[in-house]
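Take a look at the structure set out below.
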Amino acid sequence: MTDPMGSVDETSAGRLAAAWIDALNRRDLDAALELYAHDAVIASDGIGRLVPGSGGVLRGREALRDYWQAALEQFPDTRFTCTSVYAGHEAVLIHYRNERGLEIGEFLVLRDGLVIQAHGTRRIQPEPLPSHTSRGSETENARRDRPLRIHR
């Protein structure tokens, strides 16, 4: 699943995303939970709304099972459609839409092929950035296409 440097390969990332989406769409909580380590930590706004006192954070598979069970009972039409998958250093990001069209990103941190941390995020509509430039002659497109420089 990962190379010696910790990068998740594209095939493994795709398989993980497909298994995650498929298990939840089938309401197969056992299959979904097998993707997680027993001590996984999961955080999202949805958890904060559905599990009072959680602060939006759950610890362990059984807490996650209880949350998913409650969420699927409260929202029986829940259905996820994967739109893209990103592979990174010991991590996978699953970008998907739910049945209401809400765009969500599930950032999964892995250890030994299992999810040890998950962070559910939702797409927001940010305020547009100001269109002024720091260099008088540089156009918007030239600034956007310029490589990012990190100073140390």
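- At least one side-chain heavy atom of Ile104 sits less than 4.5 Å from a side-chain heavy atom of Asn98.
- Hydrophobic clustering, with ILVMFWY side chains joined whenever heavy atoms are under 4.5 angstrom apart, groups Trp20 together with Leu33.
- No chain of hydrophobic side-chain contacts below 4.5 Å, direct or via other Ile, Leu, Val, Met, Phe, Trp or Tyr residues, connects Val41 to Leu110.
- Taking the centre of each ring, Tyr36 and Trp68 come in below the 6.0 Å mark.
- Evaluation of the side chain to side chain donor-acceptor pair (under 3.5 Å) rule for Asp22 yields Arg26 as partners, not counting sequence neighbours.
- Within a 6.0 Å radius of CZ in Phe80, more than 12 heavy atoms belonging to other residues, nucleotides or ligands are found.
- In the hydrophobic clustering of this structure, Ile47 groups with Leu102; members are Ile, Leu, Val, Met, Phe, Trp, Tyr whose side-chain heavy atoms approach within less than 4.5 Å, directly or through other members.
- Between the Arg111 side chain and the Val109 main chain, no donor and acceptor come within less than 3.5 Å of each other.
- Side-chain contact check for Glu103 versus His95: some heavy-atom pair is nearer than 4.5 Å.
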### Query
Hey, mind stepping through Leu29 and Gln69 against side chain to side chain contact (heavy atoms under 4.5 Å, CB included) and telling me if it holds?
CA-CA 8 Å; Leu29 299 185; Gln69 188 66 51; 3.2 Å; yes
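- Glu106 places none of its side-chain heavy atoms less than 4.5 Å from the side chain of Thr121.
- Inter-residue side-chain proximity for Leu16 and Val85 is flagged as unmet; no heavy-atom pair is nearer than 4.5 Å.
- At a threshold of 4.5 Å between non-hydrogen side-chain atoms, the residues Leu50 and Gln74 count as touching.
- With hydrogens and angles disregarded, no donor-acceptor distance shorter than 3.5 Å links the side chain of Arg97 to the backbone of Arg79.
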- Could you give me the CA-CA distance, side-chain angles and deciding distance for Asp77 and Arg100, then say whether salt bridge (Lys or Arg N to Asp or Glu O under 4.0 Å) is met? CA-CA 9 Å; Asp77 295 333; Arg100 294 172 284 149; over 6 Å; no
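- Minimum interatomic distance between Leu114 and Ala37 (heavy atoms only, all atoms of both residues): CB-N, 3.8 Å.
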